[in-house]
There are 2 protein chains.
Amino acid sequence: MAVLGALSVAPMTGYAVREAIRDVLGHFWSESFGQIYPTLAALEERELVRRADRAAPYELTARGEVRLRELLAEPAQRVPPRNGLMLRLFFGRQLGPDACRQLLLDAKAEAEEQLARLAAVRAVVAAEDGPDTPYALITLSAGEHTARAALAWAEESLAALLGSSESDAALSRADRPGAAQSGEES
Amino acid sequence: MAVLGALSVAPMTGYAVREAIRDVLGHFWSESFGQIYPTLAALEERELVRRADRAAPYELTARGEVRLRELLAEPAQRVPPRNGLMLRLFFGRQLGPDACRQLLLDAKAEAEEQLARLAAVRAVVAAEDGPDTPYALITLSAGEHTARAALAWAEESLAALLGSSESDAALSRADRPGAAQSGEES
DNA sequence: CCGGGCATGTAACGCGTTACATGATTCG
DNA sequence: CGAATCATGTAACGCGTTACATGCCCGG
């Protein structure tokens with residue numbers, strides 16, 4: 001779907017498809033390098049893409065356009081979530097408050113970098129003003145909302161982690177003198 | 001890491017590990033069913049988990065605890081993004097504004113459901129108040145921030161999509177009378 | 001003329017999912 | 001006693017990533 005979509009914008013070589021996916025769709029999609037050419041070969045065999053002659057860029061056929069619209073209309077299957085950062089924070093007691101704070105600082109920095117990248121992309125996209133621009137802005141906005149949410153979350157969580165533990169060990173020890181049971185038996 | 005982490009909370013059967021991952025870590029982690037038992041077998045062979053006897057629940061060994069902390073301390077490798085919704089919206093012109101609006105409505109509804117689910121989880125977690133509670137709240141908060149961001153984005157994008165096109169075809173046609181070039185050649 | 005980017009592949013390997021298979025226990 | 005749930009596995013298959021391999025072309 002991504003390859004057909006890239007070729008729907010303009011004919012291009014496989015190499016350019018890869019760069020387009022990385023540079024344009026990069027903030028929400030990725031294709032591994034060794035995936036592009038087998039995909040293009042399969043698409044060519046099914047006559048969804050064509051090369052005018054050998055060494056010409058790939059271009060979409062009429063059937064390819066139809067197929068792209070079919071694929072886009074299919075419901076997006078949700079991918080099972082796998083967030084390593086959250087897993088580490090959830091078991092943060094094993095890791096210690098210091099390491100958790102570092103994870104949150106890293107996440108915050110990454111969100112800020114992402115916002116900067118997206119701002120740069122936005123400047124480029126906003127200057128184009130083609131028929132695809134509104135849609136590009138929608139996906140861009142999603143990235144920005146997500147990054148801002150991550151930023152706010154990281155700051156809020158850093159504050160929470162500092163506030164509830166003055167020393168590093170406070171979270172590891174029981175801070176309720178009268179309570180000896182730890183939640184281990186639930 | 002997820003399996004060791006689950007067992008670090010309490011000894012349990014493989015079946016219970018699966019349910020714990022689904023129910024407790026579900027909003028940021030998942031393990032396929034057929035993954036649990038091979039993993040437990042491998043962990044048992046490496047003496048990171050043990051069963052008191054056959055048909056007893058698995059429990060973490062001392063080495064298993066050490067290994068868990070090692071794994072948690074490893075840097076989280078980022079997964080290449082693959083967001084099917086964004087891909088569809090990016091090529092939204094092929095799909096048509098109506099279908100895009102439906103995608104956004106679905107995304108909005110899903111974000112609202114997610115917020116409701118997380119609110120229910122929050123009620124349970126907040127009532128516990130164990131040593132792991134602050135960390136559980138951090139991951140929970142991340143889910144809430146993300147869901148609220150998705151909700152706001154969907155509403156904002158729906159408004160943008162309605163505002164810029166009074167009829168369904170407006171986005172497909174050129175709305176700038178004097179401009180014939182389309183961005184296809186970039 | 002030589003190094004780096006353009007361009008096109010391939011092959012191995014691993015991981016994870018899906019589906020299948022089986023028995024025990026519990027509850028109505 | 002039958003159905004549903006608990007519980008433990010296995011095997012096939014596919015997908016995708018990583019790494020490797022090769023040649024062209026252009027600019028310094």
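None of these values were measured; they are calculated from a predicted model.
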Residue list, side chain to side chain donor-acceptor pair (under 3.5 Å) with A:Glu59, at least two apart or on another chain: A:Arg50
Interatomic distance, B:Tyr15 OH vs D:dC6 P [rounded to whole Å]: 4 Å
Partners passing side chain to side chain donor-acceptor pair (under 3.5 Å) against B:Gln102 (at least two apart in sequence or in another chain): B:Asp106
Sequence-aligned protein contact record of nucleotides 16-22 of chain C, with B where the base is within under 4.0 Å of a protein heavy atom and S where only the sugar-phosphate is: BBB----
Path from A:Leu72 to B:Leu105 over hydrophobic side-chain contacts below 4.5 Å: yes
Those residues that, when tested against B:Arg67, pass salt bridge (charged side-chain N to carboxylate O under 4.0 Å, His left out) (two or more places apart): B:Glu70
Contact nearer the 5' end of DNA chain D, comparing B:Glu19 with B:Arg51: B:Glu19
Residue pairs, two or more places apart or on separate chains, that pass side chain to side chain donor-acceptor pair (under 3.5 Å) and touch residues 33-44 of chain A: none
Counterpart residues, side-chain contact (heavy atoms from CB on, under 4.5 Å), relative to B:Ala56 (two or more places apart): B:Ala52, B:Asp53
All pairs passing side chain to side chain donor-acceptor pair (under 3.5 Å) where residues 14-24 of chain A contributes a residue, at least two apart: none
Can you name the atoms? Protein N/O to nucleotides 25-27 of chain D N/O, anything below 3.5 Å, with the distance.
none

Pairs of donor and acceptor atoms involving the side chains of residues 140-147 of chain A, under 3.5 Å and at least two apart or interchain, shall be tabulated with distances.
residue: A:Ser141; atom: OG; partner: B:Glu156; partner atom: OE2; Å: 3.0
residue: A:Glu144; atom: OE1; partner: A:Arg122; partner atom: NE; Å: 3.4
residue: A:Glu144; atom: OE1; partner: A:Arg122; partner atom: NH2; Å: 2.9
residue: A:Glu144; atom: OE2; partner: A:Arg122; partner atom: NE; Å: 2.9
residue: A:His145; atom: NE2; partner: B:Glu156; partner atom: OE1; Å: 2.8
residue: A:Thr146; atom: OG1; partner: A:Ala142; partner atom: O; Å: 2.9

Nucleic acid contacts - residues 36-43 of chain A versus DNA chain C, non-hydrogen atoms under 4.0 Å: A:Tyr37, A:Pro38
Other cluster members, A:Leu151 - Ile/Leu/Val/Met/Phe/Trp/Tyr, side-chain contacts below 4.5 Å: A:Leu115
Those residues that, when tested against B:Arg82, pass side chain to side chain donor-acceptor pair (under 3.5 Å) (two or more places apart): A:Glu31
